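Structure first, commentary second.
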Protein chains: 2
Amino acid sequence: MATISDVAKLSGLSKTTVSRVINNHPYVSEKKRELVLKAMKELGYTPNPSARRLRGQLTTTLGVIVPRIVNPFFAHLINSIEQAAYKKGYQVLICQSYEDKQKELAFLDLLKTKQVDGIIMTSIENDWAVIESYNEYGPIMLCNDYVNQKEVPMIRLDQSKGAYTGANHLIERGHQKIAYCTGGLFDEEGKGKDRNQGFQRALSEAGIKIDPKWIFIDQHTIEDGKHVLRQILEMKDRPTAIFTGSDEVAGGIILEAKDHGLTIPNDLAVIGFDDQPIAEIVDPKLTTIRQPVDQMGEKSIETMIQMLENPEMEIKNYELPIELIVRQST
Amino acid sequence: MATISDVAKLSGLSKTTVSRVINNHPYVSEKKRELVLKAMKELGYTPNPSARRLRGQLTTTLGVIVPRIVNPFFAHLINSIEQAAYKKGYQVLICQSYEDKQKELAFLDLLKTKQVDGIIMTSIENDWAVIESYNEYGPIMLCNDYVNQKEVPMIRLDQSKGAYTGANHLIERGHQKIAYCTGGLFDEEGKGKDRNQGFQRALSEAGIKIDPKWIFIDQHTIEDGKHVLRQILEMKDRPTAIFTGSDEVAGGIILEAKDHGLTIPNDLAVIGFDDQPIAEIVDPKLTTIRQPVDQMGEKSIETMIQMLENPEMEIKNYELPIELIVRQST
DNA sequence: TTGTATGCGTTATCAT
DNA sequence: ATGATAACGCATACAA
């Protein structure tokens, strides 16, 4: 591997001058600049990022932590973040936490060791109190997931409003017996609590009581959705509509419902969340709540770069609009 | 950021001893080892990978180049590679080439600058002659995509056989008018040529002539599939079956066909490729050719690590079995 | 405008 | 069993 010294030697100049050329510094004569450029090309020289990082330079690399890329929502979110970052000259390091606290912390170490300039977390496993301790090494922000601390930079959606809108849509369609299916828990606190609140608010405003047996927690995949439907089938008193926290779960419910001879939305109305590609693939097509993934990526990068350029900047929180997409499943 | 010197100072020992503890070297007394461990914990010390890499160490990091992670096939392939790598103590750097030659080369520079120990390419944009020049910096292997050089380590599938099997399945179902839809070209050489060959062989063995107007090239997405179906609808002489190069395209075809009142498989039989989740989501469920993604990941990592441990090893090529999954669309 | 010398954090070599 | 020191490749303070 050719080093800066090799380039210096070949061009008959000093390492300093070569370094100046690499970094577009002024005070280099045009003649020598070309000499250096020529030598670099001849040797196929690439600056060694490790050495640069060690020297304390900016890495122009950002870390993005996601639970798992096989989840299409996160694949698209990463994609939009990466595209936006690329436009600004940043690389993106994709980190899969697999929802594991330890892994998440290991990725935060990237910041500590200057592998990345900043980290965008699309999901958060550890308490913020733990994450916060890494903040001294560089900016950390949340995109999609969030915590209840105002001083954390966040790009988030009004999940509560999204769930409220979705639930209301079901109520407007005349449903009273509404089941609820979440990827989190149905607690006051804890994962997915905003959606829970929005859902509860819509129902309570309509004077509908929530039936605990129609609450399904910790549901994520198509398989989970199928399982949920089978549970519903076994009930004497069945819901006429179901609100789900993801298009995948909603898709699973629809698939299994059809297999059991149910008609969607007549026998069971289903509403999803995310507006993933699957929403238009299932039959009937899925009514769902769209998350503006592209905007989220753009805004995250914009915010991150601002923080990098001006570390003393005041913390900003952005809330992006969420939208109900009515299709055929309701 | 705490450094090895800080740990040395706090524990009252030398950097060397600390380094020995970090790297599990022998010749360090139990007493001092514990002293070091305690100091490391107290300072929240993490070794700086940049310094290690600069020093010439193995990085225990592998690069994986994919066209784009929003393609579910690649998301799953990455996932399986990452899982296998993790078991062996390796990190994975995910690199999206977006099918761009320049980006691909930029990622290969990771090898040159010792950011990664080796690179697994799941797609290849540049000629192998170009890629090969990076080989001196570390092992490069292909997984999924391939080139016609024997001396390149590859984990591949018998795409020709897969296409042959799929086409034969359609023929056995009584079809004579079979369309073909590929993500590549329909050339002798060039992308997707193996599948082309397999398809052609099946048809020619059955004495069927291929109709050029039923050949669709460069088709990748659900939208592409919808477009293909619309083109078919405009034909006076329509095919009764279509072989596609991806489940997504097949899914698009089915969706659009239903929108236009066609019945699958009666009016048009459709066969996909990959056995992605979408194959079980569309209605009717998709007959497709399964690619053993998990095995591909496992085998890639196994091979890569062998090459890393024994650089003089002879080049190996593996061919994994490909399987026809018959569902309802044919 | 150009060059020399230093240090970033780590590990291997060579003492002791 | 432990420690001092050099070197990895680079960018900067300082000197010329």
Side-chain angles (χ1 to χ4, degrees), chain A residues 1-40 43-61 109-117 137-138, chain B residues 1-40 43-61 109-117 137-138:
Chain A
M1 171 62 201
T3 75
I4 198 171
S5 300
D6 299 329
V7 178
K9 206 171 296 170
L10 183 61
S11 60
L13 296 164
S14 73
K15 293 197 291 178
T16 310
T17 304
V18 176
S19 176
R20 288 202 177 98
V21 171
I22 295 170
N23 297 286
N24 282 312
H25 281 238
Y27 303 125
V28 173
S29 66
E30 198 47 44
K31 207 182 298 176
K32 313 224 163 180
R33 156 169 272 110
E34 277 168 20
L35 232 48
V36 170
L37 257 20
K38 182 165 159 261
M40 293 201 322
L43 291 168
Y45 169 75
T46 312
N48 184 319
S50 296
R52 294 181 130 179
R53 293 199 236 272
L54 189 56
R55 194 61 185 63
Q57 271 240 318
L58 249 32
T59 67
T60 60
T61 301
D109 274 340
L110 292 172
L111 206 51
K112 221 167 163 179
T113 55
K114 287 221 191 66
Q115 305 300 108
V116 299
D117 297 333
Y137 306 112
Chain B
M1 172 61 201
T3 74
I4 198 172
S5 299
D6 299 328
V7 178
K9 207 171 296 171
L10 183 62
S11 59
L13 296 164
S14 73
K15 292 197 294 177
T16 309
T17 303
V18 176
S19 177
R20 287 203 178 97
V21 172
I22 296 170
N23 297 286
N24 283 313
H25 281 243
Y27 303 126
V28 51
S29 68
E30 198 47 44
K31 207 183 296 177
K32 315 227 161 178
R33 155 170 272 111
E34 275 167 23
L35 232 48
V36 170
L37 258 19
K38 184 167 158 259
M40 294 202 322
L43 292 168
Y45 169 75
T46 312
N48 185 319
S50 296
R52 293 182 133 177
R53 294 201 237 271
L54 188 56
R55 195 60 186 63
Q57 272 240 318
L58 249 29
T59 66
T60 61
T61 302
D109 274 339
L110 292 172
L111 206 52
K112 220 167 163 177
T113 56
K114 287 218 191 68
Q115 305 299 109
V116 299
D117 297 334
Y137 306 112

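A, B, ... follow the sequence lines: proteins, then strands. Residue 1 opens every chain. Everything quoted here is computed from the prediction, not taken from an experiment.
- A:I4 places its CD1 atom 16 Å from the C1' atom of D:dA7, with the value rounded to the nearest Å.
- B:L10 is not listed as a side-chain neighbour of B:K38, based on a closest heavy-atom distance of 4.5 Å or more.
- For the pair B:Y27 and D:dG3, the criterion of a side-chain N or O lying under 4.0 Å from OP1 or OP2 is not met.
- Residue contacts shown for A:T3 are limited to sugar-phosphate atoms, with no base heavy atom under 4.0 Å away.
- Here the options are A:I4, A:T17, A:V7, the test is side-chain contact (heavy atoms from CB on, under 4.5 Å), and the partner is A:I22; only A:I4 passes.
- Applying side chain to side chain donor-acceptor pair (under 3.5 Å) to A:S50 and the options B:R55, B:Q115, B:K114, B:R52 leaves one that passes, B:Q115.
- The main-chain N or O of B:T3 is found under 3.5 Å from a side-chain atom of B:D6 such that the two form a donor-acceptor pair.
- When the P atom of C:dT10 is taken as reference, atom CG of B:N23 falls 10 Å away, rounded to whole Å.
- Rounding to whole angstrom units, OH of residue B:Y137 and C1' of D:dG9 are separated by 15 Å.
- For B:K9 and C:dG9, the NZ to P distance is 11 Å, given to the nearest whole Å.
- For A:L35 and C:dT1, the CG to C1' distance is 15 Å, given to the nearest whole Å.
- Between A:H25 and C:dT2, a side-chain N or O to OP1/OP2 separation shorter than 4.0 Å is absent.
- Judged by distance alone, with hydrogens and angles left aside, the side-chain atoms of B:K112 form a donor-acceptor pair with the main-chain N or O of A:G44 at under 3.5 Å.
- When the side-chain nitrogen and oxygen atoms of A:N48 are compared with OP1 and OP2 of D:dC8, none of them lie within a distance under 4.0 Å.
- Residue B:R53 is classed as having no contact, given no heavy-atom separation below 4.0 Å to the nucleic acid.
- As judged by a 4.0 angstrom heavy-atom cut-off over every strand, B:P47 is placed among residues touching the sugar-phosphate backbone only.
- Here A:R55 does not reach the OP1 or OP2 of D:dT12: none of its side-chain N or O atoms lies under 4.0 Å away.
- Rounded to a whole Å, the CD1 atom of A:I22 is 13 Å from the P atom of D:dG9.
- DNA chain D is contacted by both A:T46 and B:E30; B:E30 maps to the nucleotide lying nearer its 5′ end (nearest heavy atom per residue).
- Among the heavy atoms of the strands lying under 4.0 Å from A:S19 is at least one base atom, whether or not backbone atoms are also near.
- Nearest to the side-chain atoms of A:S29 among the listed nucleotides D:dC10, C:dT2, C:dG9 stands C:dT2.
- The distance from atom CG of A:N24 to atom P of D:dA11 is 12 Å, rounded to the nearest whole Å.
- Between A:R20 and A:K15, the one whose closest nucleotide on DNA chain C sits nearer the 5' end is A:R20.
- Whole-Å rounding puts the A:M1 CE to D:dC10 C1' distance at 11 Å.
- No side-chain donor from either of A:N48 and B:T113 sits under 3.5 Å from a side-chain acceptor of the other.
- No hydrogens or angles were tested; on distance alone, nothing pairs the side chain of A:T16 with the base of D:dA11 as donor and acceptor under 3.5 Å.
- At a threshold of 4.0 angstrom between heavy atoms, the contacts of B:K32 are confined to the sugar-phosphate backbone, with no base atom among them.
- Counting non-hydrogen atoms under 4.0 angstrom, B:T17 reaches the backbone sugars and phosphates but no base.
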